[in-house]
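Each remark here refers to the structure printed beneath this line.
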Number of protein chains: 2
Amino acid sequence: MLDLIVVAEGSTVPHEAKSNMPRTRPATQRKRREILDAAIDIFGNKGYANGTLAEIAEQVDITHAGVLHHFGSKQNLLLEMLTYRDETDVADLDEHHIPNGPELFLHLVRTALVNSRRAGVVQVYTVLSAESVTDDHPARPFFEDRYSTLRGLVADAFRVLCEQEGIAEPATIGAASASILAVMDGLQLQWLLHPQDIELAETSEFAIRAIVNGVLHPGPELSQYIRG
Amino acid sequence: MLDLIVVAEGSTVPHEAKSNMPRTRPATQRKRREILDAAIDIFGNKGYANGTLAEIAEQVDITHAGVLHHFGSKQNLLLEMLTYRDETDVADLDEHHIPNGPELFLHLVRTALVNSRRAGVVQVYTVLSAESVTDDHPARPFFEDRYSTLRGLVADAFRVLCEQEGIAEPATIGAASASILAVMDGLQLQWLLHPQDIELAETSEFAIRAIVNGVLHPGPELSQYIRG
DNA sequence: ATCAACTTACTTACTGGTCAGTAAGTTGAG
DNA sequence: CTCAACTTACTGACCAGTAAGTAAGTTGAT
C-alpha cells in the first residue's frame, strides 16, 4: 500500500517461527504463503468479520482446520496477513528503504499508480482499516501504529523540503501530513466504488501537489472567496 | 455527515409508509426511530456484518423479532437507517438547502467541526462506506449515489468560484472535487483511530483550502522540488 | 356508546444455516 | 520411527428469519 518498512514491530503477533524451533520444511512455508495470499483475497473481498476460514481454506485446497493448524486462530491469521503484505511490498522495492526527502511525495504518487493496478490489495486496506475502528477489533493496533509511523515519515519529508526551500517550518506540517495520507485513502475508497470515474494516480498527484504547495505557499483563506 | 439532501431517491427501500395505507399510530413511529437510533449505534460500533439484530433490539427493550416486525429484514433496516441519518441531518439545517457557491467549502469545514462532536455518526459512515465495497454489500448503491452526488455538488461550487475569480475552468475541477471528499473521509478515519492527535476541523480546513487554491493557482509541480 | 371484527405490535419458540475452534486419527516425508 | 501436515468429525455458539400466538388498540355498524 505505502511500501512501509517499519511497522508494528511490537505488535501482539505470536509469530511462532522465531529462530530455532521445529524447522519447518520449504513446502510448509510455501503453503503458509498460499494461505496468506488467499486471506488477502477473502478478507479484501468480504471483510474480516464476513470472510470465513473455510473460504480461505478452499482456495488452497485444504480444510478450514488445516488453516487453523498453521495459524492457530482467525485473528492471528489476519494479523500475520497484514504484516506479510507490508513485507512483500518492501521486497518489491528496488531500494530497501523509503525515500526520505521530498522524493517521498513522488514515491507516494508512484504508489498510487501501482495501487491502481491492484484493486485487491487496495480493498484489503480500505476495508480493514475502517473495520479496525469498531469495538475491540484485532487489527486496530496495527493501523494505529501504521498511521502514526506514516504521518511521521511524511512530516520528516516536509521538514527536509522546507529547509531545502529556505522556508521556516510552518505549523501546518502536521495537518498536511495527515491530509496527504487521508486523501490517498479517501480516493482509494471512491475509486473502488467508481473505478471508471476516478483516476487514482492522477487525482492523487493533484491532491498531494496541492497540499505540498499549501504548506510552502499557503495562499488565500477560504473566507476570502466569499462574495466579491 | 455532509448534510446531504438529494440522495438515493430511486433506491430500493420499500418504505411502506406511502400515502394512505395502514395509518401507523404515533407510538409506532417513535419506536421505529428508537430502533433506527440503536441501529446507528450498533452498526457504527460493530459494523453491519458483525452487528446483530438482537443487540439492536435489546437497546430498545424488545426482541429481535420485534425489530424484524418493523423492518422486515436486517438489510432493509440498514438501508432505512442510512436514509434516516441523512434526513435528520437535513432537518438540523437552518436553511433547507446546501449553499451552492464557494460558501459550500466553508459549509464543509463547518460540517467537519460538527462531526468532531459526534464520533458515533462519523464512525457509522466510515465503517459502512468502506464495508460497502465488499462483495454484494447492500449499502453499496447508497454510497455510490452519495459520492456521485457530492462530487457533482462540489464541482458546481468550483465552477461558480472560478467564474467569480475570473479564471477559466481548469481541468482539475473533477480531481479537486473527489479530493476534497476524500480528504474529509480519510481524516475522519485517522481521527477515529487517534482522537487526540488529529484536529478534525482544523486539519480539514487546511486541506480544503490547499485543494481550492490548487485549482485556482496550481503552483509548482512536485518534480520541481527534487534536488535543488 | 358499545361491542364485534379486525389490525398492529409485539413475544416465545423454533428452524436451518454458518462458523471458529477442538480432538482424534491418518499419511507421508525425512 | 517420528513428527509435521494435514483430514474427518464434532461441538457449542450464534444468528437471521419464520410461525404461531397474544394483548392491546382501532374501526365501523348498530
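Chain naming here is simple, since letters A, B, ... match the order of the sequence lines and numbering starts at 1 in each.
The separation between A:L77 atom CG and C:dG21 atom C1' is 14 Å, rounded to whole Å. Here C:dG28 presents its P atom at 17 Å from CD1 of A:I62, a figure rounded to the nearest Å. One can place CD of B:Q75 at 8 Å from P of D:dG17, the figure rounded to the nearest angstrom. Taking atom NE2 on A:H70 and atom C1' on D:dA5, their separation rounds to 6 Å, with Å as the unit. For the pair A:L78 CG and C:dG21 P, the interatomic distance rounds to 12 Å; values are reported in whole Å. Distance, B:H69 NE2 to D:dG17 P: 16 Å, rounded to whole Å. The NZ atom of B:K74 sits 8 Å away from the P atom of D:dG17 (whole-angstrom rounding). If you measure from atom CD of A:Q29 to atom C1' of D:dA4, you get 14 Å, rounded to the nearest angstrom.
Residue pairs meeting the salt bridge (Lys or Arg N to Asp or Glu O under 4.0 Å) criterion with at least one member in residues 50-75 of chain B, sequence neighbours excluded, are B:K46-B:E55. Residue pairs meeting the side chain to side chain donor-acceptor pair (under 3.5 Å) criterion with at least one partner in residues 175-187 of chain B, sequence neighbours excluded, are B:Y147-B:D185. Within the structure, side chain to side chain donor-acceptor pair (under 3.5 Å) pairs that include any residue of residues 199-210 of chain A do not occur (at least two apart or interchain).
Checked against C:dG21, D:dA5, D:dT8, the side chain of A:S73 finds its nearest nucleotide in C:dG21. Proximity note for B:T63 (side chain, C-beta onward) versus D:dC6, C:dC10, C:dT11: the nearest is C:dT11.
A heavy-atom distance below 4.0 Å to DNA chain D is reached by these residues of residues 36-53 of chain B, ordered by number: B:G51, B:T52, B:L53. Using a 4.0 Å cut-off on heavy atoms, none of the residues of residues 130-138 of chain B approach DNA chain C.
Looking at residues two or more places apart in sequence or on another chain, you find no ring-ring contact (aromatic ring centres under 6.0 Å, His included) involving A:F206. A:E103 is linked by a salt bridge (charged side-chain N to carboxylate O under 4.0 Å, His left out) to nothing, counting only residues two or more places apart in sequence or in another chain. A search for ring-ring contact (aromatic ring centres under 6.0 Å, His included) contacts involving B:F143 returns nothing, not counting sequence neighbours. The ring-ring contact (aromatic ring centres under 6.0 Å, His included) test applied to B:H64 returns no partner, not counting sequence neighbours. Not counting sequence neighbours, the partners of A:D156 by the salt bridge (charged side-chain N to carboxylate O under 4.0 Å, His left out) test are A:R159.
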Could you write out each protein N or O paired with an N or O of nucleotides 18-23 of chain D at a distance under 3.5 Å?
none

Hey, can you pull the donor-acceptor pairs under 3.5 Å for the side chains in residues 189-196 of chain B, sequence neighbours left out?
from, atom 1, to, atom 2, distance (Å)
B:Q190, OE1, A:R151, NH1, 2.7
B:Q190, NE2, A:A178, O, 3.0
B:H194, ND1, A:R151, NH2, 3.0
B:H194, NE2, A:S148, OG, 3.4

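Proximity of the aromatic rings of B:F158 and B:F105 is defined here by a centroid distance below 6.0 angstrom, and this criterion is met.
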**Request:** Could you walk me through whether A:I62 and A:I35 pass side chain to side chain contact (heavy atoms under 4.5 Å, CB included), step by step?
**Result:** CA-CA 10 Å; A:I62 59 175; A:I35 294 170; 4.1 Å; yes
